[in-house]
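Just below is one structure, and these are the notes that go with it.
Remember, predicted model here, so these are calculated numbers, not experimental data. Within every chain, numbering begins at 1; the chains are lettered A, B, ... in the order of the sequence lines, protein sequences first and strands thereafter.
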Amino acid sequence: MRAPATISSLSDTQQPHNENALASSAAPAPSAGARARVPERPTLDGLEAKWSAAWERDGVYRFDHSAPRERVYSIDTPPPTVSGSLHVGHVFSYTHTDTIARYRRMRGMEVFYPMGWDDNGLPTERRVQNHFGVRCDPSVPYDPSFELGGRDSAGGQGSDSKEPVAVSRPNFVELCLALTESDEQAFERLWRTLGLSVDWSMTYTTIGRLAQRVSQRSFLGLLARGGAYQLEAPTLWDVDFQTAVAQAELEDRERPGAMHRVRFAPASGGSTDGGAPRSTGADTQEALIETTRPELIPACVALLAHPDDERFTELVGKEALTPLFGTRVPVLTHPLVERDKGTGLVMVCTFGDLTDVTWWRELGLPVRSVLGPDGRLAEVPWGTPGWESQDLERARAQYGELQGRTINQARRRIVELLEQSGDLIGEPQPVTRAVKFFEKGERPVEIITSRQWFIRTIEHRDELIARGRQLKWHPPYMRARFDDWVNGLTGDWCVSRQRFFGVPFPLWYPIDHAGAVLYDQPIAALEADLPVDPSTDVPDGYDASQRGQPGGFIGDPDVMDTWATSSLTPQIAGQAGEDDDLFKKVFPMDLRPQAHDIIRTWLFTTVLRSHLDHDELPWANAAISGWVLDPDRKKMSKSKGNVVTPMHLLEEHGADAARYWAASGRPGTDTAFDPQQMKVGRRLAVKLLNASKFALADLPAAGEALTHPLDRALIARLAAVVADATDSFEAYDYARALERAESFFWWYCDFYLELVKGRRYDADPHVSASVSLALRLSLSVFQRLFAPFLPFVSEEVWSWWQDGSVHRAPWPDAEELRVAAGMAPEVALEVTADVLREVRKAKSQAGRPMRAPVRRVVVRDTAERLAALALGEGDLLAAGTIEHLEPVEDGEFAVEVELAEESAGD
RNA sequence: GGGCGCGUAGCUCAGUGGGAGAGCGCUCGCUUCACACGCGAGAGGUCGCAGGUUCGAAACCCGCCGCGCCCACCA
């Protein structure tokens, strides 16, 4: 520990960038006696442009690859979806992360803080299709000289009448890349204006070659270890995008529907296959079911009752006939059937919902599929096995009324048919029920049987729960959402998508001499060839002419789920398998910042992939930010029309002010969008300018030590604030760190600065020496405390008197301040401020100016506080323009103020 | 149906066992030599409701009400 006298030696500790920054954290004096360069009229205008250019030029945020592992703090930055629009939510959450990054950097860490752009996936495809008027057709060969036909912007010709132009997948991907590039530039401009301390030399994209190599390499590894498999199975399917989707991508939406009560006639003559229990003869009990999806009646494969439901004991074991189609279906039991729902009897279709899949699987029911991938009822082979009917002609005729129609059209039609046949009992009852949608889709998801790739997930459930406990969550209660999700998983992760702008599966399949594709014998790409696009690249041992030919090969047509790439952001940013030295330094990462709505997707899948590939957590900490709500407490969204353009926000209020608002939102908490808070932030920034100007302009020489009791008390209180802010940052509570620094700073300006003005302007250097030192120390601390939040104004005021960037200056150290303060009489500052407040009140209530002279002040207080008051008496008399101070010992604090006559002085 | 979070001044929020607070807004006053993007002062609250623990509850426990979010096999 240092003695107070050594403070003066701190004047030479000013360091060039962060060299061994942990060694010392107080840097109060301007370098080598140079006078501070304080502008005549300090302003916030133009600071964003000035300092973001300077930071870029000086490489202030450049990651030092030579730093040892122990000094690296790595951040798994969320790559924003660039084809989406920018909104204030981005400003909000990215600011949170940036304050943490800046704090760690000032703590002497080399911060690995890359930016990524999430440009693959459906949102980009949709924009490209509309923007360029094209459609991707993987069967079209690549055209290297493909030019856009003037379909975009200026031309205008044909944009309304023409069919979309079919282009190859590589050409389509080129168009996606072209369009996302301009989006990415807009994002980068915003981030730079906001002051994110990102190292822009490490930017990646989720469709880039690096991301593709890492994704394909990871997939091939899983495949080789048996962690990935393909299966022909019922899959969640979006009929608009015509692709499989994953459980994690579903959301519920309330939709109006109708409940239909439908009659199934008993099947006479018993079962068609001899094994099943036979009807005992003349039973005539009808089976009534209720359904919201009558259009799936032709896909019905069974009726189910609860095993204990006595109402159906007669029926169970027999068969019923589907109305209209006359297909025999067995009546069975299953414990998942709820007796009090509907009629107690439920129709199982292939497939109406996920429960149907469960029943189908567990009861070994056949598949009778009517829905095509385009969401229309497909042609079905009546009369072939599985499509029998009591009356084939009628079945064909009735089904003909439905075939080719969309689900909704078919539903309307079949209700009419059921009415006509008398199988609809009563009127359909309107109901509102939750329906599962693909989160980006516009029609409910269906379940369709198809061949897809899966990553094994379910069997790792317990390990994943354990990983969740290992991870430090900020705030801690967010872990519950992870646990909920993992415990609720019902199937492995389907990662294949029947789309184009994504990472292709690095696989081909042989075609046998009869022309059949051998899906169970995939040909994996060679590691050295990654990334590959199997739609244009040729597997080892084949040549291009064999594509699609008997004895040749065919490429896997699918791309990976966007989360299959995003789940590897730590590996992509850290260049796993590309730059092992870098990867070892940054992985596992220190921090994953993200919003709470994608815990089940991004956070979960990243934990899973890291667990499968590296057998460890991808990061030590997860900091979960909330959302930005509009003043009505609803989530801000484009569709509600309440989105404020972030760039406009930064221009109007200034980046520091916007950051102040963002940083006031506590971790994990949804926060209302509030321009008022930005005005408050701007005031704080202006205050820092002006307080710095006061403290630094023409400041008399600093002394060796803090000799005045009020100065020592101030530094002691400051030490406590630094300790509090530091503890808060260590707990990832940037909002608390800001709040502590801010409230003390306002107190400092209102009381301390006013109290010491007399000594600060005193011509006698013996009088001004201590306060000069205190002002330097305190200003230096405040400028650094605010640096993570208000990087622009902090850098500005720091530059007036210090070399190097404040953002590479050491974070203030509470212990050093305590040592400098020595045995500080903190109560002296308290009681002096208490009396000053009373004097101000008296002047205010008398309507007099603050400099109005005071003849006499009587202070009643305890002996202890009066003794402390004596220590600050000189400053108090000057600040309050008081002639006489009269202490009276008394238990109760009370102040009498006698103002001088108004006419006399003025 | 299950879970998580929230409910404190008109607004945005801090406060987790012992004086009910901050900022904004509002009212009044002050051209004070860092700052009028300022300074000073003031008004304003049965801390969602009801019980319990405790000498003492805004805080801890139980129940209820309201809001938000997540999850669920929602026929």
Side-chain angles (χ1 to χ4, degrees), chain A residues 38 41-44 251-252 254-255 257 259-260 289-293 296 303-304 334-338 341-349 352-359 431-436 475 477-488 490 596-597 599-600 626-627 629 631 633-635 654 657 661 664-666 668-677 679-697 735-736 739-740 742-743 746 749-750 753-754 757 760-761 836-837 839-852 879 881:
Chain A
V38 180
R41 271 200 69 79
T43 175
L44 299 178
E251 64 184 27
D252 285 353
E254 291 289 331
R255 283 291 180 276
M259 189 64 75
H260 308 80
I289 60 107
E290 287 196 349
T291 180
T292 56
R293 303 206 57 182
L296 292 179
L303 300 183
L304 298 184
H334 194 279
L336 278 182
V337 177
E338 294 183 37
K341 228 171 227 177
T343 60
L345 201 60
V346 59
M347 141 179 112
V348 183
C349 305
D353 62 24
L354 289 169
T355 321
D356 281 345
V357 178
T358 305
W359 284 324
V431 292
T432 301
R433 80 269 194 242
V435 182
K436 288 200 183 302
Y477 60 78
M478 286 294 178
R479 202 192 73 211
R481 302 192 181 207
F482 178 85
D483 289 350
D484 266 9
W485 176 251
V486 176
N487 286 325
T490 57
H596 54 61
D597 56 332
I599 288 174
R600 67 175 181 169
W627 280 335
L629 308 176
R633 309 254 74 187
K634 298 285 181 229
K635 185 187 176 185
W661 159 74
S664 304
R666 303 189 90 78
T669 308
D670 294 347
T671 301
F673 176 71
D674 186 2
Q676 277 303 336
Q677 277 296 103
K679 294 195 175 120
V680 174
R682 190 172 176 87
R683 284 184 37 197
L684 176 62
V686 169
K687 198 72 175 175
L688 187 58
L689 280 179
N690 287 312
S692 298
K693 179 187 168 192
F694 165 73
L696 298 174
R736 184 183 165 95
E739 193 268 326
R740 296 304 146 121
E742 185 199 9
S743 64
W746 283 105
C749 289
D750 294 343
L753 290 187
E754 294 299 326
K757 270 182 182 169
R760 184 233 182 279
Y761 285 119
L836 181 58
R837 186 180 295 112
V839 172
R840 284 170 172 170
K841 184 190 292 189
K843 291 178 180 180
S844 184
Q845 283 171 352
R848 305 286 303 277
M850 284 302 122
R851 57 172 186 158
T881 52

Partner nucleotide, any strand, of B/rG23 [Watson-Crick/G-U, under 3.5 Å]: B/rC11
A/Asp356 side chain vs A/Val348 backbone, donor-acceptor pair below 3.5 Å: no
Sugar-phosphate, base or nothing in reach of A/Trp746, heavy atoms under 4.0 Å: sugar-phosphate
Whole-Å gap separating P (B/rG3) and CE (A/Met478): 18 Å
Under 3.5 Å on both distances, the Watson-Crick or G-U partner of B/rU31: none
Value rounded to 0.5 Å, distance of CZ in A/Arg848 from NZ in A/Lys843: 9.0 Å
Length of the line joining A/Asp484:CG and B/rC4:P, which is rounded to integer Å: 9 Å
Touch class at under 4.0 angstrom, heavy-atom based, for A/Thr292 against every strand present: sugar-phosphate
Rounded distance in Å between the P positions of B/rG45 and B/rG63: 33 Å
For B/rC37, the Watson-Crick or wobble counterpart (both distances under 3.5 Å): none
Residue pair A/Glu290, A/Val431: steps toward the side chain to side chain contact (heavy atoms under 4.5 Å, CB included) verdict: CA-CA 12 Å; A/Glu290 287 196 349; A/Val431 292; over 6 Å; no
Nearest-Å distance once atom P is located in both B/rG3 and B/rA22: 39 Å
Pairing nucleotide - B/rC4, Watson-Crick or G-U, each distance under 3.5 Å: B/rG68
Sugar-phosphate only, base, or nothing, as touched by A/Met259 at under 4.0 Å among non-hydrogen atoms: sugar-phosphate
Touch class at under 4.0 angstrom, heavy-atom based, for A/Glu742 against every strand present: nothing
Comparing A/Ser743 and A/Thr358 on RNA chain B - which has the more 5′ nearest nucleotide: A/Ser743
Sugar-phosphate only, base, or nothing, as touched by A/Arg600 at under 4.0 Å among non-hydrogen atoms: sugar-phosphate
Sugar-phosphate only, base, or nothing, as touched by A/Lys679 at under 4.0 Å among non-hydrogen atoms: nothing
Sugar-phosphate only, base, or nothing, as touched by A/Lys841 at under 4.0 Å among non-hydrogen atoms: sugar-phosphate
Touch class at under 4.0 angstrom, heavy-atom based, for A/Val357 against every strand present: nothing
Rounded interatomic separation in angstrom, taking CZ from A/Arg666 and C1' from B/rC6: 14 Å
Sugar-phosphate only, base, or nothing, as touched by A/Gln676 at under 4.0 Å among non-hydrogen atoms: sugar-phosphate
Sugar-phosphate, base or nothing in reach of A/Arg682, heavy atoms under 4.0 Å: base
Complementary nucleotide of B/rG45, counting Watson-Crick and G-U pairs under 3.5 Å: none
Separation of the C1' atoms in B/rA72 and B/rC65, to the nearest angstrom: 25 Å
Interatomic distance where CZ belongs to A/Arg481 and P belongs to B/rG2 [whole Å]: 18 Å
A/Arg293 side chain reached by A/Asp353 side chain, heavy atoms, under 4.5 Å: no
Separation of the P atoms in B/rC49 and B/rG7, to the nearest angstrom: 13 Å
Euclidean distance, atom NZ of residue A/Lys436 to atom C1' of B/rC73 [Å, nearest integer]: 9 Å
Euclidean distance, atom CG of residue A/Leu688 to atom P of B/rC37 [Å, nearest integer]: 18 Å
Partners meeting side chain to side chain contact (heavy atoms under 4.5 Å, CB included) with A/Lys341 (sequence neighbours left out): A/Glu338
Nearest-0.5 Å distance that lies between atom CG in A/Leu304 and atom CH2 in A/Trp359: 6.0 Å
Non-hydrogen side-chain atoms of A/Ser844 and A/Met850 separated by less than 4.5 Å: yes
Sugar-phosphate only, base, or nothing, as touched by A/Thr291 at under 4.0 Å among non-hydrogen atoms: sugar-phosphate
d(CZ, A/Arg840; P, B/rG42) in whole Å: 12 Å
Pairwise P distance for B/rA34 and B/rC39, with rounding to whole Å: 13 Å
Span that lies between the C1' atom of B/rU53 and that of B/rA59, in whole angstrom: 13 Å
First encountered from the 5' end of RNA chain B, between A/Ala480 and A/Thr355: A/Ala480
Integer-rounded Å distance: B/rG21 P and A/Arg740 CZ: 16 Å
Sequence neighbours excluded and cut-off under 3.5 Å, please list the side-chain donor-acceptor pairs for residues 479-486 of chain A, or say none.
unit_1	atom_1	unit_2	atom_2	d
A/Arg479	NE	A/Asp483	OD2	3.4
A/Trp485	NE1	A/Arg600	O	3.3

Atom C1', compared across B/rC4 and B/rG40: separation rounded to whole Å: 45 Å
Point-to-point distance, once rounded to the nearest 0.5 Å, from CZ of A/Phe694 to NZ of A/Lys687: 11.0 Å
Straight-line distance of A/Gln677 CD to A/Thr671 OG1, nearest 0.5 Å: 10.0 Å
Protein-to-nucleotide contact annotation, 5' to 3' order, nucleotides 26-36 of chain B [B base; S sugar-phosphate only; - none; under 4.0 Å, heavy atom]: ---SS-B-BB-
Between B/rG10 and B/rG68 - C1' atom distance, rounded Å: 22 Å
